[in-house]
Participant: 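A single structure is presented below for examination.
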Amino acid sequence: RGFTGKYGWTNIYTFQHGDDVLVWFTAKDLDLEKGQAVDLTGTVKCHEEFREVKTTQLSRCIIKVVE
C-alpha cells in the first residue's frame, strides 16, 4: 500500500519480527509477497504508536530476500 504526497508516490512496507513491527516508507517498488522472509538492514528513525500498536520506523533500508 502507499499514498501520493508532495514528492510523488510513497510505498509503505510493514515487517514483523516476533512482537516487533517495523515500518519503512520509500519510493522503491519491492517485489515481495506477504509472509516472505527477508534479511533487512536499516536505520531506526523513530519509535511511535499507530492504531494502538507500537512500531519502529526505519529509513535507508537494504533488503535481501531469504530463499
Side-chain angles (χ1 to χ4, degrees):
R1 62 182 194 257
F3 60 91
T4 301
K6 184 177 179 180
Y7 301 104
W9 182 257
T10 300
N11 293 303
I12 304 169
Y13 294 104
T14 305
F15 304 94
Q16 188 159 1
H17 183 264
D19 292 334
D20 300 327
V21 176
L22 310 171
V23 180
W24 181 31
F25 295 85
T26 183
K28 292 183 179 182
D29 288 321
L30 301 178
D31 188 23
L32 298 175
E33 296 179 18
K34 185 174 182 175
Q36 186 173 11
V38 297
D39 184 15
L40 178 127
T41 304
T43 302
V44 173
K45 185 172 181 181
C46 66
H47 299 283
E48 58 190 7
E49 191 170 317
F50 180 72
R51 295 182 183 166
E52 299 179 13
V53 176
K54 292 183 180 181
T55 62
T56 301
Q57 195 175 106
L58 302 174
S59 64
R60 301 183 195 102
C61 292
I62 297 172
I63 304 251
K64 296 179 184 173
V65 176
V66 176
E67 296 183 29

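All heavy atoms count here, side chains included; hydrogens, waters and symmetry mates do not. Index from 1, following the sequence.
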Participant: In terms of heavy-atom contacts, does CZ of Phe3 have more than 12 from other residues, nucleotides or ligands at under 6.0 Å?
Facilitator: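 Counting other residues, nucleotides and ligands, CZ of Phe3 exceeds 12 neighbours.
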Participant: Taking side-chain hydrogen bond (donor to acceptor under 3.5 Å, both in side chains) as the definition, give me every residue that meets it alongside His47, ordered by chain and number, with sequence neighbours left out.
Facilitator: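 Listed in chain order: Thr56.
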Participant: Roughly how far, to the nearest 0.5 Å, is the CD1 atom of Ile12 from the CZ atom of Phe25?
Facilitator: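 So the CZ of Phe25 and the CD1 of Ile12 are separated by 4.5 Å.
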Participant: Is the ring pair Tyr13/Trp24 parallel, tilted or perpendicular, if the boundaries are 30 and 60 degrees?
Facilitator: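 Judged by the thresholds at 30° and 60°, the geometry between Tyr13 and Trp24 is tilted.
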Participant: Donor-acceptor pair, distance only, cut-off 3.5 Å: does the side chain of Glu49 make one with the backbone of Arg51?
Facilitator: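 No; zero donor-acceptor contacts below 3.5 Å.
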Participant: For residues Val38 and Leu22: do they belong to one hydrophobic cluster (side chain heavy atoms under 4.5 Å, members Ile, Leu, Val, Met, Phe, Trp, Tyr)?
Facilitator: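 Same cluster: Val38 reaches Leu22 through Ile, Leu, Val, Met, Phe, Trp or Tyr contacts under 4.5 Å.
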Participant: For Thr14 and Arg1, which heavy atoms make the closest approach, and how far apart are they?
Facilitator: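 Result for this residue pair: OG1-NH2, 3.6 Å.
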Participant: Could you measure the distance from the CG atom of Asp20 to the NZ atom of Lys54? Nearest 0.5 Å is fine.
Facilitator: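 Going from the CG atom of Asp20 to the NZ atom of Lys54 covers 11.0 Å.
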Participant: Please find the pair of heavy atoms, one from Cys61 and one from Leu40, that lie closest to each other, and give the distance.
Facilitator: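 That would be SG-CD1, 4.4 Å.
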Participant: With a 4.5 Å cut-off on side-chain heavy atoms, are Val44 and Leu58 touching?
Facilitator: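 Side chain of Leu58 against side chain of Val44, heavy atoms only: contact under 4.5 Å found.
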Participant: Transitively linked via ILVMFWY side-chain contacts under 4.5 Å: Val53 with Phe15?
Facilitator: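 No.
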